[in-house]
Amino acid sequence: MTDICVLRDITARYGDVTVIDRLNLAIPEGAFVTLLGPSGCGKSTTLRMIGGFETPAAGQVLLAGKDVTHVAPNHRDTNLVFQDYALFPHMTVAENIAFGLKRKGAPRDVIRQRVDELMQLVRLPDMAQRLPAMLSGGQRQRVALARALARDPALLLLDEPLGALDAKLREEMQHELKSLQRATGKAFVFVTHDQEEALTMSDVVVVMNKGRIEQQGAPVELYRDPQSRFVASFIGKSNFFEGRLQEASAGIGRVEVAGGTLSARLGSAPLKAGDAVVVAVRPEKVALATERPQGNAIEARLQSLSYKGAKSTALFADAFGRRIEMDFNPEERRIEAGDSSVWLGWQDADGIVLAA
Amino acid sequence: MTDICVLRDITARYGDVTVIDRLNLAIPEGAFVTLLGPSGCGKSTTLRMIGGFETPAAGQVLLAGKDVTHVAPNHRDTNLVFQDYALFPHMTVAENIAFGLKRKGAPRDVIRQRVDELMQLVRLPDMAQRLPAMLSGGQRQRVALARALARDPALLLLDEPLGALDAKLREEMQHELKSLQRATGKAFVFVTHDQEEALTMSDVVVVMNKGRIEQQGAPVELYRDPQSRFVASFIGKSNFFEGRLQEASAGIGRVEVAGGTLSARLGSAPLKAGDAVVVAVRPEKVALATERPQGNAIEARLQSLSYKGAKSTALFADAFGRRIEMDFNPEERRIEAGDSSVWLGWQDADGIVLAA
Amino acid sequence: MTRSFAWVGSWLLQAYYMLFVAFLVLPIFVMILMSFKNSEFLGFPIKGLTLDWYGAALADPAILGAVATTAFVAAVSTLIALVVGTWAAVALERLQGLAKAVAFVILCIPLAAPGIISAISLRIFAFDIGLELGVPAIIMAHTVHAVPFVSLMVLARLSHLPKSQTEAAKDLGASPITAFCLITLPFLKPSLIGASLFGLLLSMDDFNRSFFLGGFEPTLPILVFERMSTGISPQINAIASIVLLVTLSMGFVGERTLRRIGARK
Amino acid sequence: MTRSFAWVGSWLLQAYYMLFVAFLVLPIFVMILMSFKNSEFLGFPIKGLTLDWYGAALADPAILGAVATTAFVAAVSTLIALVVGTWAAVALERLQGLAKAVAFVILCIPLAAPGIISAISLRIFAFDIGLELGVPAIIMAHTVHAVPFVSLMVLARLSHLPKSQTEAAKDLGASPITAFCLITLPFLKPSLIGASLFGLLLSMDDFNRSFFLGGFEPTLPILVFERMSTGISPQINAIASIVLLVTLSMGFVGERTLRRIGARK
């Protein structure tokens, strides 16, 4: 698979602030790539540089092999779905979708046919003559998609387009976007700060933080093998135990933490004995026992219990002030509030040792 | 346990529209009661009638045994935490908290002591001289709580106070609110449209819809034994199979649906053979098999898969156009996309028969 | 009990309010009434009504001439101010930081200057640039006066144009100029209509500038003023009532138009 | 390449803009300049500068008297308009539906009426209610003129006061009146300051109403107008420059104050 878009050593600055720091990224053809990160991490700026709305201070943007770093958006073969949709309020749905085609000077009947086709594709027939103000949030979203797809761009860019929708509609649109991407076979670059959205939709998730890429990979990889503390806490939840690496062998590290020693898989970054590290453990991997279990064990007291229907969350605290979260199935196990201390444990393979 | 507040046959109208229809509700002393429902269900209006900001068209509001239906808010022993916090922008944190005490004519040093005490309680020391504009969302929330608690009300009312906070802070404040409620021993009436929030925090959840109470009970009761289709879909998710009740015996109903017969527990509402009903099944109760299982079985094809880290969701569709969601643990089972049809099944006790 | 007190209080408050509001419009109402009175004396009691004063006003060639001059000055100065003011607003919006602040303050100074001061300065200026007093000088003065209003109204709306609107147009292949014509201008339409109406009213109602820069063709306010030197007459009332009606209608139509446009968005 | 063209274009645009903006303030600048010129002739070239015209203006008892009258009229009419206008706004906010719309339109009519029409109607009204021309009549006219502005400014801000603010005050034990004084009034503070300044400027700069309702004590604009009948002189320029300076300073101080209050919120 070739790469439709490549960013080479991109740097971006606003005044004196470096918002993107020598970033390298390749977007494979036909892939659903998500840029994920907290607000201010540079994900939107990266997207806007691909679209031509920002010019990098250094580095190159390649589109289908050609350097487009200094090409204006109206001469670039990308289209952007804006966060606020940016539908033109004085134009009907059909006029909005036709806008890009008219700029190309396409003949009238070609435009009409393409607009019909796109309105079928995004499932909005019979809306051609409505003004955007008369549409619901989900419908506006669909018009914005159709408009951006109208010029058949090499790459579709989406800047948090689901942010304004409510939870139910959001989930529906996630399914639709994913199947639209499959149907068109185009590469999509999707920006979001919502980790669940990123996991659900993407082929590749690129996790960004402070203008740099922390980790990229398939959703399962990122969830199972986070390679930094940031990724382990930003994608899903993790319990962290800070300590110092004692020894590393056969992919398992032994970490000295307050009150004992923990064992866990080693992350891919090179670590050596004596390094400050954290052991990260997912809440659903934590098991409860009344007796001290073999292997990893932390003695703690229950702080609070919250019932969430399909799962429950128990919050424990240990003698060293650490808070440990445990997710469990309330159908399979009951935890009673009480004052006695309990033991929490997990398999070595369920924890991961990361640089602190 | 006596009831601190009782609503008797409350009706509320805006113009010709009846927003609350003969509602009866009792708030037990010291309980955390949540009014849960979609927007426009009348939950906020109910809260505002307890606080005295709306006067019911009919019915009575009793507070600590006394009829306060026509008593103005400034003469009522309740305090409200507003959705937008309603902090006074020209007053410091300390002045905001002291506002209610000054209206009572409390002496200066009593006020100062109580303000200090409250700022300790909500963990906001050293903020006394700040203006609200200089505080973060979570801090404003805490000031609003302290201000509402200052007059030591018989009942604290909270109108979606966590709506404006981001996910992380929201979860933190849920824990804090719950422990604050335990610490003060006061009854809290909390309004929200977020079912997870309601389940997590409440002793009693009152589910409202269209101005009426659909069901009330402990969180576990509502999730396990929803008594209406509305509750089954509003609290958690459910798959629904529409059909007609064939026979009911020993707490189990047999329901004829398109393509076969399903068995499930009967809900508490009286149903008789021939009634139109739905069978509701939680996504996490659905099991997958390649052969037709014993008991409940639906043949379906996989539509889409979404990975969410700790769980995955598979969306199936059957020959009758029904969409069936199944949640599963991606560590325990893999589902591959494919064209062949599969069988979905569940235990009789995991479904519930409800009026359609 | 408390409730019925509150009710009476609220009723009294509203009654007082109505009385007071009536007081605000009473002078205008009396003026219109007197223009229909069949007597030269502008006081009560009114013994009979007549339309004669209107007939006389509308048959007076001086008045008709003044109406024509007023309309011409208003139309031309508004048109120029509209183009120049919009352009100035767009240019100002592109400036950054200090330059923007300075340009904005400079734009506001002519607005804040009292009418008579502004008139004096424009008269000196006209004298210094060799522009003779008369209709062109009035148009110059009205234009200079109207431009800041146009610019501020356009700026106010321009600041509400999401950046994404013009970006989307460019993303879809529009050049910056096409994007301005197809997206920015239509977005500014309510401001432009509002500014036109405001400019017309400003020019039609202006006394100071028209007086100090006028020649031998008076605008309507100047004519009314000159006639007043012989005392207020029912005929002046008739002219004043017509002017008032036209002004209010323009305001009303403008408000309706803007509301209709607003509702579509 | 495209970029440097754009840069030149943008630079040219800015240069043009600066020139144009300069043209807007040029008349005012020339007027001020002429007030320092040591000659009666108000044109170029300027051969020498002097402060004599200012000295003469400030030593003229007629001018000093006019300043006192102007200040008195402005202060009294603004004070009354502030109280009445705020009260009218609060009352209007409590009305509902049609009553509110009607009250609002009535409030706007005096605003939309041209200055000279308003002045004529107020003069007839003063005559009919037996109020003699002079300072009290001017105060009446200025008050009636200022009230709608005050009301609209207060209303604009009142509509941004979240209902929860006064509800919270009542929830915490405040009576409706206490809630108004402790919460609503402080919230309105920026509007009230803005309306005061605007009312003062409106009164100080008014020509039409002061002219038609005035007696033997002229306000400053009237005095300037009367002196103009003998032609524009450097002394008038000096007075005009001082008035302009005072006006702009008031506007500037007001803007700063409002901005400071705004930043605190």
Open item on the list: I need the residue from G309(B), S312(B), P330(B) with the largest number of non-hydrogen atom pairs under 4.5 Å to chain A.
Closed with: G309(B)

Open item on the list: I'd like to verify something: which residue of G236(B), S202(B), P219(B) has the highest number of heavy-atom pairs under 4.5 Å with chain A?
Closed with: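 Answer, by heavy-atom pair count under 4.5 Å with chain A: P219(B).
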
[X] versus chain A, the contacting section by heavy-atom distance below 4.5 Å:
{"X": "K311(B)", "result": "neither"}
{"X": "K285(B)", "result": "side chain"}
{"X": "L222(B)", "result": "neither"}

- [ ] Apply ring pair (Phe, Tyr, Trp, His ring centres under 6.0 Å) to F188(B) and list each qualifying residue two or more places apart in sequence or on a separate chain.
- [x]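 Expected list: F32(B).
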
Task: CD/Q347(A): more than 12 non-hydrogen atoms of other groups inside 6.0 Å - done: no

Task: Heavy-atom neighbours of K308(A) NZ exceed 12 at 6.0 Å - done: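 Yes, the 6.0 Å shell around NZ holds more than 12 heavy atoms from other groups.
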
Open item on the list: If the contact rule is any heavy atom under 4.5 Å from chain B, which residues of residues 194-201 of chain A qualify, in numerical order?
Closed with: E196(A), L199(A), T200(A)

Donor-acceptor contact present, side-chain [X] to main-chain [Y], <3.5 Å:
{"X": "R265(A)", "Y": "I352(A)", "value": "no"}
{"X": "S238(B)", "Y": "A232(B)", "value": "yes"}
{"X": "Q303(A)", "Y": "L315(A)", "value": "no"}

- [ ] Could I get the full list of side chain to side chain contact (heavy atoms under 4.5 Å, CB included) partners for A310(B), not counting sequence neighbours?
- [x] Y223(A), E284(A)

Open item on the list: Among residues at least two apart in sequence or on other chains, which ones pass side-chain hydrogen bond (donor to acceptor under 3.5 Å, both in side chains) with E160(B)?
Closed with: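 Residues passing side-chain hydrogen bond (donor to acceptor under 3.5 Å, both in side chains) with E160(B): H193(B).
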
Open item on the list: Just verifying a value: how many Å separate N209(A) CG and K43(A) NZ, rounded to the nearest 0.5 Å?
Closed with: 10.5 Å

Task: Interface residue of largest heavy-atom contact number with chain B, from K178(A), Q174(A), K237(A), R224(A), under 4.5 Å - done: R224(A)

